[in-house]
Amino acid sequence: MTDILKPTIVGIDLGTTNSLVSVPVRDDRPIIVANERGERVTPSVVTIQQNEILVGELAKSQAVLNHENTISLVKRVMGGDQTWNCQGRELTPESVSSEILKYLKGVAESYLGYEVTGAVITVPAYFNDLQREATMRAGELAGLKVYKLFNEPTAAALAYGLQRNNDDHLLVFDFGGGTLDITFLEVKDGAFLVQGVGGDTRLGGVDFDRLIVENARDYFKKIHGPDLFADPLAYQQLLSHAEKAKVDLSAVKETRIMIPYVTVTKKGPLHLNMPLSRETLESLAAPILDNIHRILQESLESANLDPNWVGSVVLVGGSSRIPCVRRLLAETFPTGVTFRYDLNPEEIVAIGAGVLAGVMAGIYHEIDFRDVISHDLGIEDDLGEFVKLINRGASYPLENDRLFTTTRDNQTEVTVHVLQKAELEDELISLGHFTVGGLPPAKAGEPDIKVTFSIDQHGLLQVRAEEVNSGVKHEIQLTLHPKRAGNTRRPDDSKTVSKEPQMD
Ligand code: ADP
Ligand code: MG
């Protein structure tokens, strides 16, 4: 084994379709650890079979026979209140995710030969507080101390060491199994600043698989008659062969889908043997490519950027290997843009998580990078003006406070309306509000109401307000993360805060 300084912290990419674990190694990039099947990528699928919990390929391959007890795509419902009842066991998104994390913890432990106690876990940049908290809880349930929830696009950029290069403007294009995540990152003085996010939570590699499956169904019908979709086993086989054919066609121009005995009729067994070319797949996929093109344009627009802003495109996610997707990107951005795909796009997020895990374990010293706040944060005063408490570009964790006061005599309560200043100069986004009640009687301007903003290492914002003399206080936890394209909204102007920033 290479020189490992016994790290007990690992990096985990807890993906929608696939998950990976990486272990930091001194003087080298983190290693992606293969599971007991020898695979570096573990499907994010969980099932219960005879009271035993199965994770990964085993769970995925038995899905067809045990559909109602198999859970996949759990990441899509993190932070929600969906539950599943599997063989009498109540499962939550957290508990399902924790099974995947436990499995990966075990994978790393068998490789290292000792216990792993902590992890850096990646999350999409747009994950809100609820989704982040659910991910934290999943980590804890798996017996892992979560050292950091790390934004996936930042992890990808860190894997390439892009914080060390000159200042740059990145488009992180993460096209996975079921999602497309687009992030614009500014690299400045070793810090990553999120400039905008966009994407589609329902667009990914499975959409290509579906096209192939439908094509094969039509082909089979024409030649043999029966509808393969009517036979669940045949359908499942078709799905997995279609995915394989798609992956092949990223490397070769022609392939063949061969499934002997795919279905049985009264006349006997039937076989599927269908040629498929890259050209055919690309013509079938034209609507998907149009979609990606539109999403790219919308994401640029909503971040107020034009294609010339982009200096480098970082390709992430297995589906970013598809040649026509790469071609589309090359056509969308001007020549001179650097395309980064030298690292394995499926592994890069886990590598970035491993780099940070290594920094936290004291294995990597020299890495200087910071995740910074991408928007000004503050509250609304009684005149409806934005009063800033935290500057964009500040690295976190951090804390800042400011004194406010009342505007009326004997005012008993104040409302704190927390705002984020969006990319466009005047656009304010309401993050939430709360009321501090029960203030002791006092003249207008006398109470000292201290409002404190603190952002922890996971990027979670907490806002506290306290009347300093009486000790009356209130606090809330808020979402600080960038909303996706099309999701921004103006603050509700129903009730403004009756407060005035104190001159100091
Ligand atoms: P996620 O982030 O959603 O968990 P991944 O980044 O692991 O997912 O991407 C998984 C998707 O990538 C799957 O749909 C898989 O079929 C696809 N994929 C993996 N390798 C290739 C390839 N060489 N060509 C095309 N698609 C690929
Ligand atoms: Mg991913």
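Atoms within each ligand, like the ligands themselves, are counted from 1 in listed order. On a predicted model such as this, the values are computed, not experimentally measured, just so you know.
Considering only residues two or more places apart in sequence or on other chains, His67 meets the ring pair (Phe, Tyr, Trp, His ring centres under 6.0 Å) condition with none of them. Here Leu73 pairs with Thr16, Arg76 under the side-chain contact (heavy atoms from CB on, under 4.5 Å) rule; sequence neighbours left out.
Relative ring orientation between Trp309 and His169 is described as parallel, the plane-to-plane angle staying below 30° on a 0-90° scale split at 30° and 60°. Between His224 and Phe220, the two ring planes are tilted [angle within 30° to 60°].
We find the CZ-CG distance between Arg321 and Asn344 to be 4.5 Å, quoted to the nearest 0.5 Å.
The protein residues lying under 4.0 angstrom from ligand 1, judged by non-hydrogen atoms, are Gly15, Thr16, Thr17, Asn18, Gly176, Gly177, Gly205, Glu243, Lys246, Val247, Ser250, Gly317, Gly318, Ser319, Arg321, Ile322, Glu346.
The side chain to side chain donor-acceptor pair (under 3.5 Å) analysis of residues 324-343, with sequence neighbours excluded, yields the pairs Glu282-Arg327.
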